[in-house]
Amino acid sequence: MKKSSEDHQNNSRLGALGELLVQAFLIQYCDFVYPTQDKHKADIMCELSNAKYTVQVKSRRETKEGKYVFAAEPSRSMSSVYKNYHVDILAFVFFGKQHKRIFFKANTSTQNYYTFQNNNITDTMELDSFQECLNQLNQIPVLNPLFK
């Protein structure tokens with residue numbers, strides 16, 4: 001099914017709204033939050049306790065089945081400009097009938113598709129997932145020396 005120009009416009013508006021929601025959340029907890037330029041692989045850059053993070057925002061509407069399906073954008077990732085660029089944090093924005101919620105995930109795997117159900121949504125998911133994401137990104141391996 002081909003998308004109309006109105007569909008493309010609505011998707012752009014949904015993406016812009018998702019980015020603004022994520023920025024509004026991050027400004028509450030980070031020292032600095034910066035939107036990037038259009039077409040940059042990361043949508044937002046933020047700083048927290050002298051650490052800098054890049055954030056890519058993915059916004060989706062709820063499906064008829066009550067799911068949210070997020071896919072990687074191959075056009076940007078295949079570009080020679082962004083081929084070797086790494087985004088630290090994925091921010092998934094859920095636009096449901098009764099809510100607008102955010103789930104943060106450390107971008108530490110090669111997974112391209114993410115599916116969430118309505119039962120994944122909790123009252124504290126934004127803060128809980130952001131804290132877990134930062135914990136994963138800032139894990140320092142503990143060395144286990146052979147000779148003690």
Discussion item. Is there a side-chain contact between N118 and E62 in this structure, where contact means two heavy atoms from C-beta onward sitting under 4.5 Å apart?
Written reply: yes
Worksheet item: Do L137 and T108 come close enough that some side-chain heavy atom pair is under 4.5 Å?
Response: yes
Item to complete: Would you mind listing every side chain to side chain donor-acceptor pair (under 3.5 Å) that reaches into residues 24-35, with sequence neighbours excluded?
Response: Y34-E47
Practice prompt. Output, in order, the C-alpha distance, side-chain angles, deciding distance and verdict of side-chain hydrogen bond (donor to acceptor under 3.5 Å, both in side chains) for Q23 and E19.
Written response: CA-CA 6 Å; Q23 285 180 50; E19 289 174 22; 5.1 Å; no
Worksheet item: Does any pair with a residue in residues 104-115 pass salt bridge (Lys or Arg N to Asp or Glu O under 4.0 Å), and if so which ones, sequence neighbours excluded?
Response: none
Worksheet item: Is there a side-chain contact between H40 and M45 (heavy atoms, below 4.5 Å)?
Response: yes
Fill in: Partner residues of Y114 under the ring-ring contact (aromatic ring centres under 6.0 Å, His included) criterion, sequence neighbours left out
F92
Under 3.5 Å, sequence neighbours excluded: what are the donor-acceptor pairs made by side chains of residues 121-128?
{"unit_1": "T122", "atom_1": "OG1", "unit_2": "M125", "atom_2": "N", "d": "3.2"}
{"unit_1": "T124", "atom_1": "OG1", "unit_2": "D128", "atom_2": "OD2", "d": "2.5"}
{"unit_1": "E126", "atom_1": "OE1", "unit_2": "R101", "atom_2": "NE", "d": "3.4"}
{"unit_1": "E126", "atom_1": "OE1", "unit_2": "R101", "atom_2": "NH2", "d": "2.6"}
{"unit_1": "E126", "atom_1": "OE2", "unit_2": "R101", "atom_2": "NE", "d": "2.7"}
{"unit_1": "E126", "atom_1": "OE2", "unit_2": "I102", "atom_2": "N", "d": "3.0"}

Item to complete: Please say whether more than 12 non-hydrogen atoms of neighbouring residues, nucleotides or ligands are located less than 6.0 Å from CD in Q37.
Response: no
Fill in: Any residue meeting ring-ring contact (aromatic ring centres under 6.0 Å, His included) with F104, in chain and number order, not counting sequence neighbours
F25, F130
Worksheet item: With a 4.5 Å heavy-atom cut-off, do K58 and V93 have their side chains touching?
Response: no
Practice prompt. Would you mind reporting whether V55 and C46 have side-chain heavy atoms less than 4.5 Å apart?
Written response: yes
Fill in: Audit row: S4, E6, side-chain hydrogen bond (donor to acceptor under 3.5 Å, both in side chains) steps and yes/no
CA-CA 5 Å; S4 69; E6 185 177 345; 5.2 Å; no
Worksheet, complete the sentence: For A42 and T36, the nearest pair of non-hydrogen atoms, with its separation, is O-OG1, 2.5 Å
Item to complete: List the steps and the verdict of side-chain hydrogen bond (donor to acceptor under 3.5 Å, both in side chains) for N107 and Q56.
Response: CA-CA 9 Å; N107 187 21; Q56 186 177 59; over 6 Å; no
Practice prompt. Determine, step by step, whether R60 and V69 satisfy the side chain to side chain contact (heavy atoms under 4.5 Å, CB included) criterion, reporting the C-alpha distance in whole Å, the side-chain angles of both residues, the deciding distance to 0.1 Å, and the verdict.
Written response: CA-CA 7 Å; R60 295 294 183 268; V69 180; over 6 Å; no
Practice prompt. Find the distance between CG (L26) and OH (Y53) and round it off to the nearest 0.5 Å.
Written response: 11.5 Å
Worksheet entry | ring-ring contact (aromatic ring centres under 6.0 Å, His included) partners of F103, counting only residues at least two apart | F116
Practice prompt. Take V87 and K41 through the test side chain to side chain contact (heavy atoms under 4.5 Å, CB included) and record every step on the way to the result.
Written response: CA-CA 7 Å; V87 171; K41 187 158 184 173; 3.9 Å; yes
